[in-house]
Amino acid sequence: MKFIEIKNFTEDLISWQRAQGRHHLPWQVNRTAYRVWLSEIMLQQTQVSTVVDRYQSFLKRFPNIQVLAGSSVDDVLAEWSGMGYYTRARNLHKCAQVVVNEYDGNFPNDPLLLERLPGIGKSTAAAIAVFSYGVRAAILDGNVKRVLARIWGVGDDLSKSAAVKSLWAHAEQLLPNKSADLVSYTQGLMDFGATHCTQYQPVCMRLDKKECLFKNRCQANLSNKVNQIPLKVKKINVQQIEMDWWIYIYRGKVFLEKRPENGIWASLWSFPEQNIFNKNDAEKLNSVKHVLTHRHLKIHPYKILLSSQPKKIKVDQAWVPLGDALKLGLPKPVSAFLKSQDLAHDDA
DNA sequence: AAGACGGGGCC
DNA sequence: GGCCCAGTCTT
């Protein structure tokens, strides 16, 4: 892919960011490496509006990397509960321990070293290096791919790794030379993609007075292809999945077990998917639908009020007081289900 | 190179 | 219903 020269792209983006970019997001003030790192992990595949509150809550619970490293992974998953992509939480915990044990609690500033840490890939490593240490490195997230692809008119299929690879090379070329500009530039790419060059209704397609500063240079705009860029051909294969939940209640406690370490909702607490106590007096409750990006779940809950508590249970199984269950690391549909039911009343 | 991995928001 | 979001890791 050949990239033409877009005049003054980098310097104009920097000026734009300083005048019209975002400057008051929680992780933009007091940019310590710990705060920057946490925000970058939370923001992976997750929108800013979702992260803001969860970020503040997480920082309150784990104010620094030593506290995080010294906590149990279960406590971290509990705080992460409902945010999805739970590998992020497990890697976050692992990464904190590595940084404390091998780096004396201080993140390295070299993007290549950062990239070796659990949960930190190329783009996140660059973001941490830029925002925490002012190191020169290029990011390439969803926003940046869209901005670069449109302005340079890249109509290639971005679900192909070759196309993304060429965008990476281009992103490196565009970096400003002055280190004092790195933060504004990097933040500018994100801000411009998130607020102007958006997926739906980018400013160039709106009827209001706002104008895109690149409208006369953007190849997608000049050729009327803004709606077709970026292009992704690959379709998500959505599986329809049916799942049973066996909800055992005994004296104000609910039986939960920890899910396997691999697969969906790994290491989170949930209801058994089989009738492990072999009871035949279950009440079938209304089924629950839960939509994930690549799976549509239809869940069939069966409720059983036990008259005695089974003696033998395994590790990673537990009778949890109903009032405490919501404090565990739970998948979204499990916490939603628990909140919607009055199980304590049934058991009275 | 392709799939797995959550949940929310927008069309 | 499909697609995307401050992506990374595994196969």
Side-chain angles (χ1 to χ4, degrees), chain A residues 21-22 25-28 36-55 77 80-92 94-95 114-128 130-131 137-147 157-165 168 171 183 186-195 197-202 205 227 230-241 259-268 270 289-297 329-336:
Chain A
R22 299 174 291 187
L25 294 168
W27 44 88
Q28 290 181 302
V36 169
W37 164 65
L38 175 62
S39 72
E40 291 301 330
I41 302 299
M42 284 190 163
L43 287 160
Q44 288 171 359
Q45 297 293 284
T46 309
Q47 295 189 346
V48 168
S49 56
T50 304
V51 170
V52 170
D53 289 344
R54 301 295 302 247
Y55 177 77
L77 283 168
W80 204 272
S81 187
M83 270 216 300
Y85 282 171
Y86 297 95
T87 300
R88 291 184 295 174
R90 292 190 300 278
N91 279 336
L92 194 79
K94 215 180 298 176
C95 182
L114 285 166
E115 203 178 333
R116 291 191 204 167
L117 296 169
I120 300 182
K122 192 169 164 59
S123 191
T124 299
I128 296 171
V130 169
F131 292 132
I139 61 165
L140 189 66
D141 59 28
N143 284 320
V144 183
K145 286 177 190 167
R146 187 173 55 254
V147 170
D157 176 7
L158 293 192
S159 60
K160 300 290 183 187
S161 54
V164 175
K165 197 174 170 185
W168 266 114
V183 169
T186 304
Q187 187 69 52
L189 279 174
M190 294 172 168
D191 291 356
F192 191 72
T195 66
C197 196
T198 47
Q199 180 195 183
Y200 302 110
Q201 303 274 78
M205 308 282 285
N227 277 334
L231 172 69
K232 282 187 187 167
V233 174
K234 186 173 60 181
K235 300 298 175 197
I236 298 168
N237 180 22
V238 178
Q239 291 179 49
Q240 313 284 333
I241 294 183
R259 297 183 54 84
E261 292 184 9
N262 294 309
I264 191 162
W265 301 322
S267 303
L268 272 63
S270 186
K289 287 181 181 171
H290 187 72
V291 176
L292 305 178
T293 299
H294 59 300
R295 293 195 184 167
H296 288 190
L297 305 178
L330 305 173
K332 190 70 179 182
V334 174
S335 58

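At the phosphate of dC5(C), neither OP1 nor OP2 sits under 4.0 Å from any side-chain N or O atom of Tyr85(A). Using a 4.0 Å cut-off, some side-chain N or O of Arg295(A) falls inside it from OP1 or OP2 of dC5(B). For dG7(C), the OP1/OP2 oxygens have no side-chain nitrogen or oxygen of Lys145(A) closer than 4.0 Å. Taking side-chain N and O atoms only, Lys332(A) has a distance below 4.0 Å to OP1 or OP2 of dG8(B). For dA1(B), the OP1/OP2 oxygens have a side-chain nitrogen or oxygen of Ser161(A) closer than 4.0 Å. Contact annotation: His294(A) side-chain N/O to dG3(B) OP1/OP2 distance is not under 4.0 Å. Considering only side-chain N and O atoms, Gln47(A) lies nowhere under 4.0 angstrom from the phosphate OP1 or OP2 of dC5(C). Contact annotation: Arg146(A) reaches the phosphate of dC5(C) (side-chain N/O to OP1 or OP2, under 4.0 Å).
When the nucleotides dG2(C), dA6(C), dC4(C) are ranked by their closest atom to the side chain of Asn143(A), dA6(C) comes out on top. When distances run from any side-chain atom of Asn91(A) to the nucleotides dG7(B), dG1(C), dC9(C), the shortest one goes to dC9(C).
Judged by atom type and distance alone, Thr46(A) does not reach the base of dG8(B) through any side-chain donor-acceptor pair under 3.5 Å. For a distance-only test at 3.5 Å, the side chain of Ser49(A) fails to qualify as a donor-acceptor partner of the base of dG8(B). A donor-acceptor contact under 3.5 angstrom links the side-chain atoms of Tyr200(A) to the base of dG2(C).
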